[in-house]
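Report on the structure given below.
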Amino acid sequence: MKLWGGRFTKPTNELVDEYTSSIGFDQKLAQQDVKGSLAHVDMLAKCKIITDEDATVISKGLNIVSEKIQNKEAELSVDHEDIHMNIEKLLIEEVGAVGGKLHTGRSRNDQVALDMRLFLRESIVMLTELLVGVKEALVEQAEKHIDTLLPGYTHLQRAQPVRFAHHLLAYVFMFQRDVDRLMDSYKRVNQLPLGAGALAGTTFPIDRDYVANRLHFDGVCENSLDAVSDRDFVVEFLSNSSLISMHLSRLCEELVQWSSSEFNFIELDDAFSTGSSMMPQKKNPDVAELIRGKTGRIYGNLMSMLTTLKGLPLAYNKDMQEDKEGMFDTVDTLKGALSLFAPMISSMQVNKENMYKAVQQDFSNATDLADYLVQRDIPFREAHSIVGQIVLYCIKQNKFLLQLTLDEFQQFSDSINEDIYESLKPESVVNARNVKGATSEDRVREQLDYAYFYIDSNKSWIQNHG
Ligand code: ARG
C-alpha cells in the first residue's frame with residue numbers, strides 16, 4: 001500500500017513506479033532528509049502539535065533509520081517512490097503508527113526543497129575550499145616564477161613578453177571571482193523553504209524561525225509558493241560551476257599546449273600524466289584533457305535545468321524532480337577536477353630556459369621600439385609604421401630586433417640610439433609595463449599580495465561556514 005494510496009482503487013502500473021520514482025538517485029539526500037525531519041519533529045513538539053513523548057520516539061526512530069541506511073541495512077524501494085517516503089515507511093516499520101505523525105504540517109514539496117538546499121550549501125563550502133586550494137597552488141608557482149619570462153599571446157601569436165607569475169595570476173583572479181560567486185550564492189541557498197507545505201502553508205501553528213535557527217539557515221523563504229517552486233539556487237550553482245569549469249578548461253588547454261614538444265614550456269609530473277597503449281614514447285596530459293572535456297557535461301547540466309524550469313506554472317510540478325541528477329553530477333565532476341587540479345599545478349616542472357628562448361626569438365619587443373620612438377616625439381602612428389618596416393626588414397634578413405646594428409636601426413630613424421639595446425631586452429620590456437595590473441616586477445608582486453589577502457579571507461569564510 002502506498003503512503004498516499006487512500007483515494008486509489010488500483011495499484012500503479014509497475015512501469016509507472018519505475019518511471020516516476022527518484023529513489024535511484026535521491027537516496028543521496030538521506031542524511032539531509034533525516035536532519036530536516038529531526039528539526040521538524042522537534043519543532044512540532046515545541047509548538048505542542050505533537051507530544052514530547054511522540055517526538056522522542058520519532059527522533060530515536062529516525063536516527064535508527066538513518067544508521068540503517070548508512071550501513072546499507074535498509075531496503076530502499078521504488079515502491080515508495082523517493083527518499084522521503086522510503087524514510088517515512090522505514091520509520092513506521094521501526095516505531096509503529098506514531099511514525100505517521102512526522103509528516104504533520106509538511107509536504108514533500110517543501111521537504112525536497114529543504115533537502116536540496118541542505119545538500120547544496122555543504123557542497124558549496126566543500127567546492128569553495130577546493131577552489132581556494134587551486135588558487136594556493138597557482139600562487140605558489142607564481143611566487144617561484146616572478147623572474148620567468150615567456151611570450152604573452154594574442155590570437156595565439158606572440159605579442160608581448162610577460163612574467164609567468166603574471167600569466168598564472170590571471171587565473172588566480174578568475175578563480176577569485178568564482179569563489180566570490182559561490183560565497184555570494186550561499187546566502188540565497190541558505191533560506192528555509194520548510195513550512196511552505198504543499199504550496200500555501202499549513203493550518204498548524206508551526207514555528208518556521210525555530211526550524212531555520214536549528215538548521216543554521218539565515219532566514220526563511222518569504223513566500224510559500226515561491227519556496228516550493230524555486231530552483232533558482234540550483235541554476236545559479238550550475239551556472240557558477242560552468243564558469244569554474246570554463247576557467248579550468250582554458251588553463252588545461254594551455255597546459256596541453258605548453259607540454260607539447262612544439263612549446264616545451266612545462267612538463268607535467270608523471271603522477272598526473274598517462275601513457276599510450278601502443279606508442280611507448282608517449283606521455284599524455286590526460287588529466288588536463290579530461291578536465292577540459294568534462295566542461296561539456298557541466299554546461300549540459302545547466303542547460304538541462306534551465307530548460308526543465310522554463311514554462312513551469314506555479315507551484316511544484318513533477319518536472320522538478322529532474323533537478324537532482326545534474327546537480328549531483330556537477331558537484332561530483334567539479335570535486336574530481338578541483339581535487340586533481342591543485343596537485344597537478346603544484347607538481348608541474350616549468351622549463352624556464354625554453355620560455356626565455358621563446359621570448360628572445362620573437363618580435364614581442366616591437367611595441368617597445370615604437371614606444372621608444374614616441375618618447376622621442378614621433379607620433380605613435382608614425383612610429384608604428386617605422387617599426388613595421390624594421391620588422392619586415394628583419395624577417396628578410398632573418399634577424400630579430402636585438403640583432404640589428406645601430407646603423408641598420410638608423411636607416412629607419414635617426415632618433416634611434418645606442419640605448420635602444422637596453423630598452424629592447426626582455427627584462428626591460430616587462431618592467432617598462434608598470435601600470436597597476438601590469439607585468440613589471442613591482443606590479444606582479446602587488447597582485448600576489450592581493451591574491452594572498454583574498455586567500456586568507458576566503459579561508460576564514462570557509463571556517464565560519466564549515
Ligand atoms: N521526489 C520528488 C522530487 O524529487 C519529491 C517531491 C514530490 N512531490 C509530489 N507532490 N509529487 O521532486
Side-chain angles (χ1 to χ4, degrees), residues 1-8 11-37 40 62 65 69 74-92 100 102-123 189 191-203 221 224-235 237-238 301 304-332:
M1 179 78 166
K2 297 265 195 279
L3 285 174
W4 41 253
R7 67 96 67 217
F8 287 79
T12 37
N13 181 301
E14 57 190 73
L15 288 177
V16 170
D17 281 345
E18 275 298 335
Y19 191 70
T20 60
S21 82
S22 50
I23 188 63
F25 45 88
D26 68 10
Q27 50 184 280
K28 210 170 168 138
L29 296 173
Q31 296 319 311
Q32 287 77 10
D33 199 69
V34 169
K35 191 173 174 175
S37 288
H40 179 66
L62 278 170
V65 168
I69 293 177
E75 200 209 328
L76 301 171
S77 149
V78 295
D79 293 343
H80 308 305
E81 201 176 314
D82 55 25
I83 189 62
H84 324 294
M85 290 203 290
N86 268 277
I87 287 181
E88 189 177 329
K89 192 82 184 170
L90 290 165
L91 174 69
I92 292 169
L102 169 64
H103 211 52
T104 312
R106 186 177 75 172
S107 154
R108 275 184 297 152
N109 298 350
D110 53 353
Q111 188 180 358
V112 71
L114 170 65
D115 293 2
M116 292 285 286
R117 286 171 185 265
L118 286 171
F119 176 87
L120 198 53
R121 73 179 192 188
E122 287 168 32
S123 304
V189 177
Q191 299 290 322
L192 179 86
L194 206 68
L199 73 165
T202 169
T203 56
C221 301
S224 65
L225 289 164
D226 183 37
V228 290
S229 310
D230 173 27
R231 293 294 182 273
D232 293 3
F233 62 97
V234 179
V235 172
F237 170 71
L238 296 174
N301 292 335
S304 151
M305 188 74 260
L306 282 168
T307 310
T308 295
L309 292 173
K310 175 186 173 297
L312 288 189
L314 297 185
Y316 177 83
N317 300 271
K318 184 73 168 178
D319 314 47
M320 290 162 71
Q321 183 168 284
E322 286 293 301
D323 60 359
K324 286 170 205 61
E325 286 161 289
M327 181 182 79
F328 293 151
D329 182 66
T330 290
V331 170
D332 291 344

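Atoms within a ligand are numbered from 1 in the order they appear, just like the ligands themselves. When reading the values below, keep in mind they use all heavy atoms of this one structure, side chains included, and skip hydrogens, waters and symmetry mates. Numbers here are sequence positions counted from 1. Worth saying up front: this structure is predicted, and the values here are computed from it rather than measured.
Atom CD in Gln111 sits 4.5 Å away from atom CG in Asp33 (nearest 0.5 Å). Here the CG atom belonging to Asn109 is positioned 12.5 Å from the CG atom belonging to Leu114, to the nearest 0.5 angstrom.
Residues satisfying the side chain to side chain contact (heavy atoms under 4.5 Å, CB included) test with Asp232, not counting sequence neighbours, are Asp230.
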TODO: Go through the steps for Arg106 and Ser37 under the test side-chain hydrogen bond (donor to acceptor under 3.5 Å, both in side chains), then give the verdict.
DONE: CA-CA 10 Å; Arg106 186 177 75 172; Ser37 288; 2.8 Å; yes
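Salt-bridge check for Asp26 with Lys324: failed, with every basic side-chain N at 4.0 Å or more from each acidic carboxylate O. A salt bridge is defined here as a Lys NZ or Arg NE, NH1 or NH2 lying under 4.0 Å from an Asp or Glu carboxylate O, and Asp17 with Lys2 meets this definition.
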Show me the short polar-atom pairs for ligand 1: any N or O of it lying under 3.5 Å from a protein N or O, with distances only.
unit_1, atom_1, unit_2, atom_2, d
ligand 1, 1 (N), Ser22, OG, 3.2
ligand 1, 1 (N), Asp82, OD2, 2.9
ligand 1, 1 (N), Gln321, OE1, 2.8
ligand 1, 4 (O), Lys324, NZ, 2.5
ligand 1, 8 (N), Asn109, OD1, 2.9
ligand 1, 10 (N), Asn109, OD1, 3.1
ligand 1, 12 (O), Tyr316, OH, 2.5

